[in-house]
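Below: one structure, written as structure tokens.
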Amino acid sequence: MATPKRSKGARPRRQSLLARWRGWQHHHGQSAAESLAKVLGQPLGSLLTWLVMGIALALPTGLWLMLDNLAAVSRNLDSPAQLTVFLDAAMDAGGATELARSVGGRDDVFSSQFLDRDQALASFVADAAMADLAAGLDENPLPHQLIVTPRSEDPEAVARLSAELAALAEVESVLVDTAWLQRLERLMRLGRRAVQILGALLLLAVVLVLGNTIRLAIEGRRDEIVIIKLVGGTDAFVRRPLLYTGLWFGLGGGIVAALLVTAGTLLLSPLVRDLAATYGSNFTLRGLGVIDSLQLVLLGAVLGLAGAWLAVARHLRAIEPR
Amino acid sequence: MIQFERVSKRYDNSHDALKEVSFDIAPEELVFLTGHSGAGKSTLLRLIMLMERPSRGRVVVNGQDLASCGRRAIPRHRQSIGVVFQNHKLLMGRSVYDNVALPLQIAGFEHRDIDRRVSAALDKVGLLHREQAMPMSLSGGEQQRVGIARAVVRRPSILLADEPTGNLDPELSAEIMKLFVDFSRVGVTVLIASHDLALISRLRHRILTLRDGRLVAPGTARGNA
């Protein structure tokens with residue numbers, strides 16, 4: 001209204017779609033930049049929010065990574081299927097050796113190794129914790145054993161072999177060593193589910209924390225929001241910078257989480273290498289890859305947006321010019 | 001342009017702010033609204049801006065019955081009206097430029113257009129040189145002029161002002177009023193609430209007077225400014 005003459009395009013609603021699109025884009029850019037400046041303008045408060053989010057995201061991520069590594073370990077274990085055949089107590093070493101040879105000759109057996117009962121006790125006692133226990137024994141309670149490795153790892157084939165060996169007269173019982181692997185597998189499944197539940201709870205916590213942070217931001221900008229609404233600001237216009245604020249908090253939280261998990265991996269990795277070395281393994285701890293880290297950051301961003309949206313939906317309506 | 005048909009507004013505490021108010025403001029007219037404080041001036045302006053809804057009666061602005069304007073349509077309605085507030089209602093954390101640019105941003109104007117229009121509006125109120133200043137550093141009169149620049153920057157067809165000269169000395173008040181008269185001359189419908197009778201009677205425009213929520217002098221005599 002600066003000049004009496006109305007130039008073309010003076011009427012507000014005559015704006016071309018392209019012009020509106022550019023204006024909309026510009027406001028997005030401006031909202032993003034201004035909210036980022038505001039977030040960075042309060043470094044301490046923002047850092048706390050980022051840390052809270054980062055820790056909440058890092059916990060389930062770290063646990064998941066641990067389970068992943070455990071799964072890798074269990075896959076790397078040699079001869080997952082191994083049968084321990086306990087022979088009848090009356091059997092002597094000579095007969096046992098004979099039997100080991102005959103079992104080893106079977107088509108479905110890869111190797112069969114005779115383990116003398118004295119030898120078995122000796123290796124048992126070699127473990128310091130067991131030594132005391134063994135010292136209290138008057139005589140060797142262990143029978144002679146055969147360690148049988150089947151040719152096939154197919155569980156059915158292993159079960160069939162186990163049944164046939166158990167049916168032999170000289171055999172007291174057969175222990176299938178896959179049992180503990182299956183148990184480990186079940187434990188890991190349990191662990192995964194537990195981590196999923198924990199993760200879901202923590203993600204919810206992240207959203208709520210973010211929602212509260214944004215609620216405070218809304219309170220802090222109450223006057224501004226009232227003025228914007230008074231001059232005709234739409235809900236979307238008022239919402240935009242707040243959603244960007246949530247996005248920045250979320251992104252920061254995701255980055256902190258990725259850094260925390262990476263730091264944790266680096267701290268644990270030499271210890272794991274030492275431990276693996278005692279098993280004669282060169283296993284190394286797998287950390288977060290680049291893609292995983294990016295996904296974590298993205299997840300943080302999405303959660304940040306979700307939290308902001310939640311807060312905005314709940315609280316923005318209540319602020320009307322009075 | 002602005003029509004009130006037997007409009008009443010009763011607040012929750014059973015206080016009648018407006019009683020059976022009817023008037024009609026023609027396009028491009030400048031009308032003053034006066035009355036002592038609490039007479040209902042602010043309520044009347046708030047009804048036009050849809051900050052309140054009438055208890056009874058009809059308010060028609062720019063041909064639209066405001067009863068048909070739902071919550072989601074309020075922003076668009078407010079965008080079509082320029083408002084100058086008594087306490088300026090500026091964004092204190094932002095520059096003069098940003099304050100004036102706000103309605104254009106809301107309407108989705110392009111950066112270039114915003115620049116041009118903000119400069120023109122600030123030039124009109126004589127504050128072009130204070131573009132980058134913060135509102136805090138301005139005097140009351142200057143802040144009020146920033147508010148006026150913001151109200152007119154989108155070239156609305158209706159301009160409302162609530163006590164625009166409230167805290168200003170007579171000389172500044174006259175200057176501000178002259179701005180409003182200028183706007184009405186270029187085709188804007190202007191409604192100014194003011195209790196500064198001395199000033200507005202000098203300007204010889206139609207005056208609506210409210211007393212205890214009733215319109216007492218449905219003035220039709222329209223002077224020439």
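Note that this is a predicted model, so its numbers are computed, not measured. Residue numbers begin at 1 in each chain, while the letters A, B, ... track the order of the sequences.
Contact of Leu90(B) with chain A is made through the backbone alone, with heavy-atom distances under 4.5 Å. When heavy atoms are compared at a cutoff of 4.5 Å, Gln25(A) does not approach chain B at all. Heavy atoms of Ile228(A) lying under 4.5 Å from chain B belong to its backbone as well as its side chain. Neither the backbone nor the side chain of Arg240(A) comes within less than 4.5 Å of any heavy atom of chain B. Within the 4.5 angstrom heavy-atom criterion, only side-chain atoms of Glu320(A), from C-beta onward, approach chain B.
Counting non-hydrogen atoms of other residues, nucleotides and ligands closer than 6.0 Å to CG of Leu271(A) gives a total above 12. Arg56(B) CZ: 12 or fewer foreign heavy atoms inside a 6.0 Å radius. When the shell of 6.0 Å around CD of Gln42(A) is examined, it contains 12 or fewer heavy atoms from other residues, nucleotides or ligands.
Distance check, rounded to the nearest 0.5 Å: CZ of Arg22(A) to NE2 of His111(B) gives 13.0 Å.
For the set Leu230(A), Val231(A), Asp223(A), the count of heavy-atom pairs under 4.5 angstrom toward chain B peaks at Leu230(A).
Applying the ring pair (Phe, Tyr, Trp, His ring centres under 6.0 Å) test to every pair with at least one member in residues 191-244 of chain A, sequence neighbours left out, gives these pairs: His27(A)-Phe237(A), His28(A)-Tyr244(A).
For the pair Arg71(B) and Asp235(A), the salt-bridge criterion is met [side-chain N within less than 4.0 Å of a carboxylate O].
When side chains are defined from C-beta on, Glu224(A) does not count as touching Leu102(B), because their heavy atoms never get closer than 4.5 Å. Using a 4.5 Å heavy-atom cutoff, the side chains of Arg72(B) and Thr234(A) are not in contact. Contact check for Met51(B) versus Lys229(A): no side-chain heavy atoms found under the 4.5 Å cut-off.
When all heavy atoms of Gly232(A) and Ile106(B) are compared, the pair lying nearest together is O-CG2, 3.3 Å.
For Ser269(A), the side-chain contact (heavy atoms from CB on, under 4.5 Å) criterion is met by Arg273(A), Leu285(A), not counting sequence neighbours.
In this structure, the side chain of Arg78(B) does not engage the main chain of Gly233(A) through any donor-acceptor pair within 3.5 Å.
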